[in-house]
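Encoded as structure tokens, the structure appears first; notes follow it.
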Amino acid sequence: MFTIRIYPLNGVFQDEGESGEEVGSGEEDEDESERFAKSWLEAEETDTSDEEEVRNTVGNIPLEWYDDYPHLGYDLDGKTISKPARRDELEEYLARMEDPAYWRTVRDKTTGREVVLTQQQMELVQRLQSSHFPEEGYDQYEPYVDFFSGEKMIHPLNDTVKPKSSFIPSRWEAKQVSRLVHAIKMGWLKPRTKSDRPKFYMLWGEGDKAEVGARHRMHIPAPKPPLPGHSESYNPPPEYLPTPSEVKQWEEEEEGERASFLPHKYCSLREVPGYQRFIQERFERCLDLYLCPRQRKMRVQVDPDDLIPKLPKPRDLRPFPTNETIVYEGHSGMVRCVDIEPLGQWVASGSEDGSVRVWEILTGRCVKTLSLPSPPHSLSFSPSPSFTLLAVAAGGVVYIMNHGMGDRLLVTSTDSRMSATETTPTAAEATPTTTTWEECTAAEKKLGFRLRIQHDMPVKEVVWHCKGDYLAALVAEESNTGVVIHQVSKRRSQKPFRSVKGVVQRIKFHPTRPLFFIATQTMVKVYDLAKQELVKKLQAGVKWISSIDIHPGGDNLILGGYDKRVCWFDLDLSSKPYRVIRQHKQAVRGVCYHPRYPLFASCSDDGCITICHGMVYDDLMENPLIVPVKVLRGHKPVNSLGVLEVVFHPHQPWLISAGADSTLRLYS
Amino acid sequence: MDFETEKVKHIQAVFTSKHHRLKVPDSQFSIPVSANRRDLSSLIAHFLEGSGSDNDDGEAERETEFIIRGDLLRSSLESHLANKTVSSEAVIEIEVIERNPPPRLADVFDHKDWVSGVHINTHYILTGSYDSTVRIWTHDGQMKCSAEGHTSPVKDVVWISSDASSSDSGRVLFASASQDQNVHIWSLAESTAEPQVEHLHTCKGHARSVESLAVNPSHDKLCSVSWDKMLKIWSAVPDDVMVDEVESEDQIALKRAKINSNQRRATTRTPLLTLQGHTQPVSTVVWPTGDEVLSAGMDHCIRIWDIVSGVNKSTLNGPKVFHCIHHSHLNSLVASANSDKLVRLWDTRAGESSMVQSALASHQGWVIAVQWAPNREHQLLSGSYDSSLKSVIFK
């Protein structure tokens with residue numbers, strides 16, 4: 001359908017111009033207004049004459065419907081509008097032949113009239129046909145002048161005065177707000193909370209997956225089978241189809257090795273046969289799911305470094321001995337035993353060459369040399385501040401000597417006390433048969449020796465009780481325990497312990513309580529001296545105990561073994577070692593605690609001394625902190641014997657060691 | 001030749017000196033970077049010889065040291081500049097200072113046993129030995145006399161009055177401390193042809209070996225420290241009665257009596273004041289001013305005592321055991337020898353909060369003794385268990 005609406009643009013203007021002329025022509029008449037009104041009325045009337053042109057009210061319907069009728073639509077009054085007379089073929093022909101405007105005559109379908117297009121309308125049609133803008137000379141690309149420029153301007157676009165309301169906060173709004181606030185306060189109104197429902201969500205939920213997940217926390221959904229691709233299509237693209245040679249090869253291959261499916265082309269879905277391997281594939285999949293249970297493996301991702309307990313750095317645990325400072329040379333045999341005087345000025349050492357030497361610690365000067373008939377095995381300063389006594393075990397004799405190096409008054413008072421007990425006759429009665437107390441000869445007395453306690457077997461060790469009156473000696477006896485406790489003030493000896501299983505290695509008094517420690521080869525037994533009973537047995541973690549020391553606090557104990565181990569026992573905690581330290585390469589010979597600093601040391605036959613930080617806390621819940629801090633070298637092993645004994649300085653972080661290379665060394 | 005000079009790198013340097021006796025040339029030098037201290041020293045010596053007619057002839061071979069950017073030149077210029085990250089393009093200012101000649105061994109004083117203390121006055125040298133004897137030597141190495149009276153090794157000796165001329169009676173007093181827990185005050189009579197030592201007093205009171213002695217600036221009091229953790233102040237003025245006695249009696253009779261019964265004639269003295277406060281044995285003491293005594297020991301602290309009131313005014317805590325401290329009158333610093341390899345310098349005026357001013361590290365073993373130079377502000381001597389004695393000049 002081709003319809004063209006033509007708007008009579010020029011005609012309207014012409015009409016108005018005419019009427020305008022009419023208005024303007026009657027200037028000279030007397031009553032202008034009257035005439036103007038009249039003309040206006042006339043104009044109204046002329047407008048109504050427009051109705052003479054019949055307005056068709058046919059509406060927007062297909063006009064073919066009127067083909068069989070003589071009329072075409074209805075006017076406003078409901079009367080039919082008759083179609084204009086149509087020319088017959090002959091007239092049409094003649095018109096085509098004669099009428100020069102025939103080619104531009106078109107029929108208006110709505111009215112059925114013929115309209116001759118004007119020149120302008122023709123041009124318009126031509127422009128539209130050639131896809132141009134209907135308006136002639138329209139420049140599509142003429143520069144656009146923006147009314148509001150992007151630049152910021154200093155003047156307002158209009159200079160109207162702003163209304164007062166724009167400066168005043170709205171009272172109405174304030175009222176509304178206060179009403180809302182009040183409602184919220186009273187709880188009538190609840191402020192809208194953000195809904196936690198996501199903007200987009202699965203309408204039907206997660207399905208069975210969510211349900212199973214809620215029941216089984218460790219549920220893992222079955223892995224989905226791979227989706228079919230192009231090759232599984234019933235009509236795959238030709239590049240997916242196997243060549244005849246490939247088909248042949250596939251047929252030759254065995255069932256398990258070849259691909260389970262060969263692509264095949266069917267013209268339509270209808271021709272696709274039933275899949276023969278369907279049951280088998282289902283079965284295999286069920287087998288896969290059943291035989292390969294899906295389990296979440298709880299693999300612990302742990303950094304190996306985190307498993308090592310966080311130990312403080314040795315740097316932060318100072319002070320501890322770090323360097324060899326002084327070497328005490330003078331002995332000709334290996335130094336077996338060493339002990340420091342309680343105030344820390346002197347150190348005594350006993351050597352295999354049969355001499356006891358006393359040294360000044362700070363200078364390394366040997367101030368005394370005492371020769372003994374047999375090499376001393378053990379020596380010990382009396383811990384009591386009111387006695388200046390030194391006990392030396394050499395062979396089967398324990399010598400008690402006044403070293404005479406403390407306060408003059410103390411030295412003399414010690415001597416007087418020793419001589420005062422000389423006369424007590426009870427000595428002989430109380431003494432068991434195996435030990436005899438003897439007064440030293442005058443020559444020996446000049447050297448400092450006061451008493452000699454004769455045992456029938458060699459004495460291995462001698463230790464003082466903290467009060468300084470009792471002295472325990474360990475005698476190398478086969479049958480008995482060999483522990484003899486001497487009382488110096490009364491010159492008595494007693495053997496409080498009956499036979500102990502195993503050979504006794506070391507003995508020790510508890511620093512504060514009346515406890516006595518006996519270390520056999522694999523066990524440490526703790527006896528209560530007051531109640532005379534066995535209190536505790538400690539299972540040593542070593543095969544052969546070589547040395548033992550008790551923490552000055554009294555609740556901890558270390559022991560060294562010939563099997564290179566050092567064990568720390570917490571006496572309150574357990575009868576098993578709290579910590580085993582394997583730092584030495586050779587048998588451990590000696591262990592000792594520092595009386596003040598949280599340090600302990602162990603020495604071994606490889607010539608090394610290991611210093612460990614061993615902090616014992618007052619808090620019973622906290623376990624001791626043990627950190628190896630330093631390995632001290634310096635002693636050279638002689639005859640596969642290294643350092644034989646170590647002892648800490650009583651008030652400085654210094655260590656004195658006795659080595660098989662016949663030297664003592666001070667480490668500070 | 002040209003090729004060679006091009007190859008060796010040179011730097012531009014200007015020499016300066018604060019010392020008026022070292023007249024260094026003002027001009028700018030071009031010095032090869034491979035030059036070391038000796039080369040520069042010979043260069044300077046060459047210029048000093050050329051210009052310095054006013055210099056003494058004896059100091060012609062005087063050696064010099066060089067400071068570049070605050071450090072002594074020890075290696076070659078190249079490596080020194082590389083360490084300091086100084087561009088070799090710039091003109092480098094080199095400060096010239098006089099080199100201290102190393103001390104020469106002048107004499108050896110033979111003792112039978114270890115020497116534990118030494119003190120020098122204008123005429124004599126006093127030494128204390130482990131053979132319990134105090135000996136007096138002239139400065140040219142001859143033993144004048146010895147004083148025997150101690151029964152244990154002598155640990156420290158000190159002249160009480162510095163010079164015979166200062167005391168009216170023509171004798172010099174000295175004191176010795178020993179491990180036999182006594183301090184002996186002796187007098188040395190110089191008036192006779194043969195100097196005589198007389199044991200004046202035995203100061204009894206310490207319970208352990210006396211380690212160190214100090215005399216107050218007015219030479220009338222003595223302070224001793226001991227292993228019994230105490231300081232004791234003794235009067236160092238001899239009893240006048242005795243002085244009269246000496247003058248009234250015949251010289252020979254006196255001599256004989258003294259030789260026969262040295263001990264008997266000596267009177268026993270008790271301490272004027274006992275200062276208690278150290279928690280561990282005290283090893284060293286100095287008496288810098290009239291009413292202030294500094295002591296230090298094995299409890300890792302220097303304690304400053306007010307002698308008038310007898311209280312511990314302040315305590316400087318150190319990290320290690322103190323073996324020796326010495327106070328400098330010139331810069332008021334206290335140098336300490338600790339049980340490690342460092343010589344520490346302390347400013348006692350700063351009070352409790354004072355820290356170590358600096359620590360000089362050069363020894364390999366424990367530093368055991370330290371002493372300030374009496375007339376040079378920045379020089380000190382330190383002796384160590386590594387068998388070395390070092391003289392340190394610091395800036």
Side-chain angles (χ1 to χ4, degrees), chain A residues 315-330 340-347 358-369 385-386 388 403-414 446 448 595-597 634 648-656 665-668, chain B residues 113-117 129-132 151-155 178-182 202 204-212 226-230 278-284 297-300 318-324 337-342 363-369 383-387:
Chain A
R315 211 182 28 244
D316 307 331
L317 301 173
R318 284 170 197 274
F320 52 82
T322 52
N323 293 86
E324 181 187 298
T325 308
I326 299 173
V327 180
Y328 304 85
E329 284 171 341
I340 298 183
E341 177 231 9
L343 204 66
Q345 194 180 5
W346 313 103
V347 58
V358 180
W359 315 76
E360 194 179 8
I361 290 177
L362 279 180
T363 54
R365 161 99 184 180
C366 176
V367 291
K368 251 180 204 178
T369 308
S386 53
T388 55
H403 56 75
M405 279 172 311
D407 188 354
R408 278 258 179 81
L409 295 172
L410 281 181
V411 172
T412 50
S413 75
T414 305
K446 217 170 217 178
R596 294 202 173 183
Y597 290 92
F648 273 110
H649 193 273
H651 51 79
Q652 298 300 332
W654 299 345
L655 181 93
I656 291 182
R665 281 163 206 260
L666 170 71
Y667 296 90
S668 69
Chain B
D113 209 335
W114 292 13
V115 182
S116 54
S129 167
Y130 264 70
D131 58 1
S132 319
T151 56
S152 289
V154 176
K155 291 296 281 186
S178 161
Q179 283 185 347
D180 64 6
Q181 302 162 15
N182 291 336
T202 305
K204 285 191 173 173
H206 279 297
R208 294 298 289 243
S209 78
V210 187
E211 289 291 305
S212 177
S226 157
W227 266 79
D228 62 1
K229 310 171 187 176
M230 287 191 231
H278 276 286
T279 57
Q280 293 297 341
V282 197
S283 55
T284 174
M298 303 192 81
D299 56 353
H300 301 192
K320 296 277 166 102
V321 167
F322 286 90
H323 292 310
C324 181
N338 295 80
S339 65
D340 55 10
K341 297 166 185 175
L342 305 178
H363 283 291
Q364 296 303 312
W366 276 4
V367 183
I368 204 71
S384 160
Y385 274 168
D386 62 1
S387 339

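Residue numbers begin at 1 in each chain, while the letters A, B, ... track the order of the sequences.
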**Q.** Under 4.5 Å from a heavy atom of chain B, the part of A/L343 involved
**A.** both

Q: Considering only heavy atoms and a distance below 4.5 Å, find which of A/T322, A/V367, A/L409, A/I326 pairs most often with chain B.
A: A/I326

Q | Stepwise side-chain hydrogen bond (donor to acceptor under 3.5 Å, both in side chains) test for B/E211 and B/S226 | A | CA-CA 5 Å; B/E211 289 291 305; B/S226 157; over 6 Å; no

Q | Among A/R318, A/H651, A/Q652, A/R365, residue most engaged with chain B (heavy-atom pairs, under 4.5 Å) | A | A/R365

Q) Which answer fits B/K320, side chain, backbone, both or neither, if we ask what part of it has an atom under 4.5 Å from a heavy atom of chain A? A) neither

Q.
Heavy-atom pairs under 4.5 Å with chain A: which of B/H206, B/H300, B/K341, B/Q364 has the most?
A. B/H300

Q. How about B/V154 and B/S129: do any of their side-chain heavy atoms sit closer than 4.5 Å?
A. no

Q.
Any salt bridge linking A/E341 with A/K368? Criterion: basic side-chain nitrogen under 4.0 Å from a carboxylate oxygen.
A. no

Q. For A/E360, which residues count as a side-chain hydrogen bond (donor to acceptor under 3.5 Å, both in side chains) partner, sequence neighbours excluded?
A. A/T363, B/Y130, B/K155, B/Q179

**Q.** Proximity breakdown for B/P153 and chain A, heavy-atom pairs closer than 4.5 Å
**A.** neither

Q: Could you tell me how the ring of B/Y385 sits relative to the ring of B/H323: parallel (under 30°), tilted (30 to 60°) or perpendicular (over 60°)?
A: tilted

Q. Can you check side chain to side chain contact (heavy atoms under 4.5 Å, CB included) on B/F322 and B/S339, steps first, answer last?
A. CA-CA 7 Å; B/F322 286 90; B/S339 65; over 6 Å; no

Q. Which bit of B/D180 is near chain A, if near means a heavy-atom gap under 4.5 Å: side chain, backbone, both or neither?
A. both

